[in-house]
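Beneath this line is the structure, given in structure tokens, with notes to follow.
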Amino acid sequence: MSEERLPAAYTTNMREMLGQEADAFLDSYTVRRTQGLRFNRLKSTSSFNLRASEHTLSLFGLEPVPWCPEGYYYEEPARPGRHPYHAAGLYYIQEPSAMSAAELLSPLPGETVLDLAAAPGGKTTHIAALMKGQGLLISNEIHPERAKILAENVERLGLSNTIVTSGTPGELSLRFPQTFDRIMLDAPCSGEGMFRKDPAAALEWSPKHVEMCAARQWDILQDAYIMLKPGGTLAYSTCTFNRIENEEVIARFTDSYPDMELITSKRLWPHLQKGEGHFVALLRKGGSEETEQSRSKRSTGSGRGKTGPRTNSTLRDAFQQFQAWAAIELPGFACQGVPLLFGESLYLLPESFKDTLHVGLLDGLRVPRAGLHIAHLKKNRIEPAHALAMALQPEQSARSYDMTEGGVEIHAWLRGESLPVPAELHGWTLVSVDGLPVGWGKASSGQLKNHLPKGLRILKAHIDEQ
Ligand code: SAM
């Protein structure tokens, strides 16, 4: 991309902002954009999977990203998004600078965390990995279609402590006042830092668009403030260079909410680091004690659509049926959590949901994924859900069938084909590639019937780049 293709008003702004450095900055548009992937440590706990990660390093010639221990650069012609390890959730394709935000937020296992603008899921999957699957992550995306992609990525990476919602920040703040230890707000922005990666973003840019983005960021921040616990931290990030959307929004925020303290902020510049443009600010809310008022407000819900926990007999029966099935088929799986039934889909909310929140708070909210989808209830039988397979380790299942990444079988499997297997294999079988689960098969009479959801068949590159 050459400087001539950038909006003139944008180039003028950047020259004013950077002074003598501007030439070096504008020269960065003549250099190829950087590409990266981040290993998903939720999948890399067993020695099997560590071997797969090491194999990936040499397969794609990966080089480490300095600010993210799990992040690596790759160069074309490598296409890691097309590899079976991608389908298995071993890594997430993510722009390297974007990896800085969750690192700065540093969520801890056991915390209650919100990712407020989450699709397609780069930061959510990073946060969940740092939480080591413990605690509760609510991952929200306002646009329902994007929320579906987010849910797909959450499932592919095997997140079991994550609820995907699709609400407005206002709908969420009504339900979850002073709830979260940490909040990630990766705000919608004018995208100046992405012009090299996405030249179309440059065409949409205008000073008016920047002002509109800043107004929207301010609105979302106010809801984030409501939801942050006293003593909690908020990461505000954008992929723009514009001060109006970065420093100025943050200054307005700390001026209006004096209990919000700016701890640090950082910018990633394409002429100084190997990555696209990014801004992240970390803020802390003063105070450490949850007020009695906020506690009681939350425990009684927002008053909107609250029906309380559903303990009806259909749900109880369904969960008992699943537990009986899992006792035989998944001897290594701890069936802990809060069960929820949506139609014929059975979900398991993280155990910690019960400690912090209650199920009635989800009423009236679009919830594409109410925790881990564990099963479909068919007439008097259980069919394990694809998401459950993706959250398991092969040793947790009574039966497993492993393939190697270089073989023809895995590609046939990902296209949705059934496979010939030894006749003694019978029943639900966890199918994996080099020890990484890719779904369920049902073995009978020497055939492994493919239960990969139709929408995931054929190695499509998941839309997880941002
Ligand atoms: N965090 C994501 C990731 O790492 O993959 C990228 C998020 S993207 C920068 C910003 C998101 O904000 C978009 O998915 C967009 O749909 C969403 N968004 C747009 N308008 C919004 C609004 N008014 N409130 C909340 N989110 C909004």
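Just so it is clear, the model here is predicted, and its values are computed rather than measured. Both ligands and their constituent atoms are indexed starting at 1 by order of listing. The residues of the chain are indexed from 1 along the displayed sequence.
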Next on the checklist: Under the salt bridge (Lys or Arg N to Asp or Glu O under 4.0 Å) test against Lys274, which residue among Glu95, Glu75, Glu63 passes?
Outcome noted: Glu75

Item to check | N-O pairing of Arg369 and Glu155 below 4.0 Å | outcome: yes

Checklist outcome for this item: Ranking Thr238, Thr240, Ile220, Leu185 by closest non-hydrogen atom to atom 24 (N) of ligand 1, top hit is Ile220

Checklist entry - Salt bridge between Asp181 and Lys229, side-chain N to carboxylate O under 4.0 Å? => result yes

Checklist entry - Can you find an N or O of Lys123 that's nearer than 3.5 Å to an N or O of ligand 1? => result yes

Checklist entry - Applying the side chain to side chain contact (heavy atoms under 4.5 Å, CB included) test to Phe180, which of Ile138, Leu234, Leu137, Asp115 qualifies? => result Ile138

Next on the checklist: Are any of the N/O atoms on Tyr92, whether in the backbone or the side chain, positioned under 3.5 angstrom from an N/O atom of ligand 1?
Outcome noted: no

Item to check | Lys/Arg-Asp/Glu bridge criterion (N-O < 4.0 Å) met for Arg15, Asp23 | outcome: yes

Checklist entry - Taking the non-hydrogen atoms of Ala119, is any one of them nearer than 4.0 angstrom to ligand 1? => result yes

Checklist entry - For Gly121, is at least one N or O under 3.5 Å away from an N or O on ligand 1? => result yes

Next on the checklist: Regarding atom 9 (C) of ligand 1: of the candidates Asp186, Thr168, Leu172, which has the closest heavy atom?
Outcome noted: Asp186

Next on the checklist: Tell me the contacting part of Met184 for ligand 1: side chain, backbone, both, or neither, using a 4.0 Å heavy-atom threshold, strictly below.
Outcome noted: neither

Checklist entry - Is ligand 1 under 4.0 Å from a heavy atom in the side chain of Cys189, in the backbone, in both, or in neither? => result neither

Checklist entry - Under 3.5 Å, N or O to N or O, is Leu116 touching ligand 1 that way? => result no

Checklist entry - salt bridge (Lys or Arg N to Asp or Glu O under 4.0 Å): which pairs involve residues 201-222, sequence neighbours left out? => result none

Item to check | Atoms in ligand 1 with a heavy atom of Gly122 nearer than 4.0 Å | outcome: 3 (C), 4 (O), 5 (O)

Checklist entry - Which atoms of ligand 1 sit under 4.0 Å from any heavy atom of Pro169? => result 24 (N), 25 (C)

Next on the checklist: Looking at Glu103 and Lys266, is there a salt bridge between them, counting it only when a charged N and a carboxylate O are closer than 4.0 Å?
Outcome noted: no

Next on the checklist: I'd like to check the salt bridge (Lys or Arg N to Asp or Glu O under 4.0 Å) partners of Glu248; sequence neighbours left out, ordered by chain and number.
Outcome noted: none

Next on the checklist: What I want to know is whether Glu141 and ligand 1 share at least one N or O pair that is separated by under 3.5 angstrom.
Outcome noted: yes

Next on the checklist: Considering both backbone and side-chain atoms of Ile142, is one of its nitrogen or oxygen atoms within less than 3.5 Å of a nitrogen or oxygen in ligand 1?
Outcome noted: no

Next on the checklist: Between Trp205 (side chain only) and Pro7 (backbone N and O only), is there a donor and an acceptor less than 3.5 Å apart?
Outcome noted: no

